[in-house]
Amino acid sequence: MNAIIGFIEKGKPFFNKLAGNAYLQAIRDGFLAAMPAILFSSIFILCAALPEVFGVTLPAELSSWLWRVYNLSMGIVGILVAATTARALGESFSRKLPKGMTMNVVSVMLASISGYLMLAVTEIDGGIDVTYLGTKGLLCSFIAAFITANMYKFCTLKNITIKMPPEVPGVISNVFKNVFPFSFSVLCCVAIDFISTQFFGVRFAESLITLFSPLFSAADSYFGLGLIAGAMAFFWFLGIHGPSIVEPAVAAAIYANVEANLMLVQNGEQASHALTVGFNNFIACLGGTGCTLVVPFLFMWLCKSKQLKAVGKASFIPVIFNVNEPVLFAAPIVLNPYFFVPFLLAPIANAVLFKFFIDVLSMNSFIYVLPWATPAPVGLFLGTGMAPMALLCSVVLIAVDALIYIPFVKAYDSTLVQEEAEKVVQGDVDGGQTADTEPAAIMVPEKAEPAEAATAPAEETKPLSVLVLCVGAGTSAMFANAVNKGAEAKHLPVTAKAEAFGAHTDILDEFQLVVLSPQVQSRYDEIKADADRYGIKVVKTKGAQYIGLTKDPEGAVDFVVSESKE
């Protein structure tokens, strides 16, 4: 098994490069930026549809109003994602331009919206057909965004612009500066739609859906769902944030299928599309990638190792809310041969079982979008319309995951118990603790590098603002809270704030130090390019070190103070 892990790890540089792909990152960041609108619309559809589950019929005017709000928010999500994806990709390209060159990301967004409308809208008598302005048009959103960002990059590098005399105010000059890239971007989309209309007789958006329908159907099969779930776990096992790589590839399908499922239910049919946002959040990642919801409880209840018991106690609450980095890096599970099989097998089993419940037991799939941090069983129950069958599905998934993990947890526990016993004999356990002494915090593996502990006295420490970045602002919040508590305890002028990657660009100049969680280190170069503009230092952390510091306030503040002075 160690040989297999070693072989897989050799491919890590390639997978890191894949995780850092600008286009995949732009899709992911575009969806994150548009997520408030998606969640907002979901609130109204829940209010409109859930009463019917309990046999309550809302007044027609109220129901119509709720649906109107939903349709005018979720119904234009294609436009929103076209803009946000173009902005994310434009910012990524802009960071890599030669010194002195810039791209106007606002203009990029506007051009992407215009290009998207050229690809997705069909004129009808008295107006336009809005069928492809929502989730059905997401593929067009990506294409418009990619074309636009690349066109602006090309025009910027080649200096294709309208040059105004020096006497013309800068604001007016900037307007003319963007005329060519804007025009080329939109005209490119017009040409694509024209070709589609001439050859296929339909608008590009419709032809694209027809083209990708077989692929979406294949992804919604047992094999496809298992492959998606297993791929997310595989990348995370290497320490690379798996959903960041896999989800962009199926983003159009997982959002479109939620809306399609909702329409099926409204028409009295079964919500049969398994591949949805909820599938990724609450089935394939039940308790986090690798379906680790059961793992902390197995550590606490079945294990004899002090290390695993401590990890279980420290991580079970975050894992309930789908933040599983504490258990991934503290056990550790990442690159641990004992957990390779269950970490991949549990998500695949969950995918197959969920599909079985839909196809054979006629359970509805997800018809609502809920926040990813919703506890998975609750998310499954609410997201599928509160059907009793969903409760049974949750129980079955948890039971199967437990059965998969138990033998591997026990095997790993036996190894750690033996190691701890040998250390006790040598008088070298935790600086001389006895075997009966419970560790106060997570014990990290011996191979993990401890944090620096060189802290200057309070009077010598300058005010320091720290930004902690991770993927979803989950573990970064834990790290930032630890820094703030440690600073308060040691009376140091240090403050920390947590943020999700992508939301940091507008506030970066407010900080002197950026700490990266292990999940976002594939984007180090990108973040450092932003930080270098303001002379801000960027610091990487290792898995066990990072998680250990979230439970060690004084160690966390010592770490950031020390790093800020190096």
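Counting begins at 1 with the first residue of the sequence.
The aromatic ring centres of Phe343 and Tyr405 sit 6.0 Å or more apart. Aromatic pair Trp236/Phe329: centroids less than 6.0 angstrom apart. Outside the 6.0 Å centre-distance limit, the rings of Phe279 and Phe366 are not counted as a close aromatic pair.
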Can I get a per-line list of side-chain donor-acceptor pairs under 3.5 Å for residues 283-302, giving both atom names and the distance, sequence neighbours left out?
unit_1, atom_1, unit_2, atom_2, d
Thr292, OG1, Gly287, O, 2.9
Thr292, OG1, Asn324, ND2, 3.1

I'd like a table of donor-acceptor pairs (distance under 3.5 Å, sequence neighbours excluded) in which one partner is a side-chain atom from residues 133-142, with atom names and distances.
unit_1, atom_1, unit_2, atom_2, d
Thr135, OG1, Glu259, OE1, 2.5
Ser141, OG, Gly78, O, 2.7
Ser141, OG, Gly137, O, 3.3

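Neither side chain, Asp220 nor Asn257, offers a donor N or O lying under 3.5 Å from an acceptor on the other. Donor-acceptor pairing under 3.5 Å is recorded for the side chains of Ser305 and Glu420. A donor-acceptor contact under 3.5 angstrom links the side chains of Ser196 and Ser207, judged on distance only. Residues Asn150 and Tyr23 bring a donor and an acceptor atom of their side chains to less than 3.5 Å of each other.
Taking the side chain as every heavy atom from C-beta outward, Val77 and Tyr255 never approach each other to under 4.5 Å. Within the 4.5 Å cutoff, the side chain of Phe357 has heavy atoms near those of the Leu392 side chain. Residues Cys393 and Leu353 form no side-chain contact, since every pair of their non-hydrogen atoms from C-beta on lies 4.5 Å or further apart. Counting heavy atoms from C-beta on, the side chains of Asp552 and Phe559 never come closer than 4.5 Å. The shortest distance between side-chain heavy atoms of Thr85 and Asp29 does not fall below 4.5 Å. For the pair Phe354/Ser365, a side-chain contact is recorded, criterion being any heavy-atom separation below 4.5 Å from C-beta on. At a threshold of 4.5 Å between non-hydrogen side-chain atoms, the residues Leu215 and Phe212 count as touching. Looking at Met386 and Leu382, their side chains come closer than 4.5 Å, going by heavy atoms from C-beta outward.
Applying the side-chain contact (heavy atoms from CB on, under 4.5 Å) criterion to Val395, with sequence neighbours excluded, gives no partner residue. For Asp359, the salt bridge (charged side-chain N to carboxylate O under 4.0 Å, His left out) criterion is met by Lys355, not counting sequence neighbours. For Phe479, the ring pair (Phe, Tyr, Trp, His ring centres under 6.0 Å) test picks out Tyr546, with sequence neighbours left out. With sequence neighbours excluded, the residues that form a side-chain contact (heavy atoms from CB on, under 4.5 Å) with Tyr524 are Leu516, Lys528, Val538, Lys540.
In terms of modelled atom types and a separation under 3.5 Å, the side chain of Gln307 and the main chain of Ala331 share a donor-acceptor contact. When atom types are taken as modelled, the side chain of Gln545 and the backbone of Lys542 share a donor-acceptor pair closer than 3.5 angstrom. Side-chain atoms of Ser92 do not come within 3.5 Å of backbone N or O of Ala88 as any donor-acceptor pair. One N or O on the side chain of Thr374 and one on the backbone of Pro371 form a donor-acceptor pair closer than 3.5 Å. Within the 3.5 Å criterion, the main-chain N or O of Ala271 finds a donor-acceptor partner in the side chain of Asn364. Looking only at distances, no side-chain donor or acceptor of Ser41 sits under 3.5 Å from a matching main-chain atom of Ser73.
Atom OG1 in Thr84 sits 8.0 Å away from atom CZ in Phe31 (nearest 0.5 Å). In this structure, CZ in Phe282 is found 10.5 Å from CG in Asn280, a value given to the nearest 0.5 Å. Residue Phe235 holds its CZ atom at 8.0 Å from CG of Leu238, rounded to the nearest 0.5 Å. Separation of atoms OG1 (Thr475) and CE (Met478) is listed at 7.0 Å; rounding is to 0.5 Å.
By the 30° and 60° cut-offs, the orientation of the rings of Tyr338 relative to Tyr412 is tilted.
The heavy-atom pair separating Leu335 from Pro337 by the smallest distance is O-CD, 3.5 Å. Between Cys303 and Val409, the shortest heavy-atom distance links the atoms SG-CG1, 3.4 Å.
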Pair Gln270-Ile358, side chain to side chain contact (heavy atoms under 4.5 Å, CB included): steps then yes or no: CA-CA 9 Å; Gln270 181 198 5; Ile358 293 171; 3.5 Å; yes
Audit row: Asn322, Asn281, side-chain hydrogen bond (donor to acceptor under 3.5 Å, both in side chains) steps and yes/no: CA-CA 8 Å; Asn322 296 324; Asn281 290 342; over 6 Å; no
Derivation of the ring pair (Phe, Tyr, Trp, His ring centres under 6.0 Å) call for Phe339 and Phe408: CA-CA 7 Å; Phe339 290 106; Phe408 299 94; 7.9 Å; no
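Under the 4.0 Å criterion applied to side-chain N and carboxylate O atoms, Asp530 and Arg95 are assigned as salt-bridge partners.
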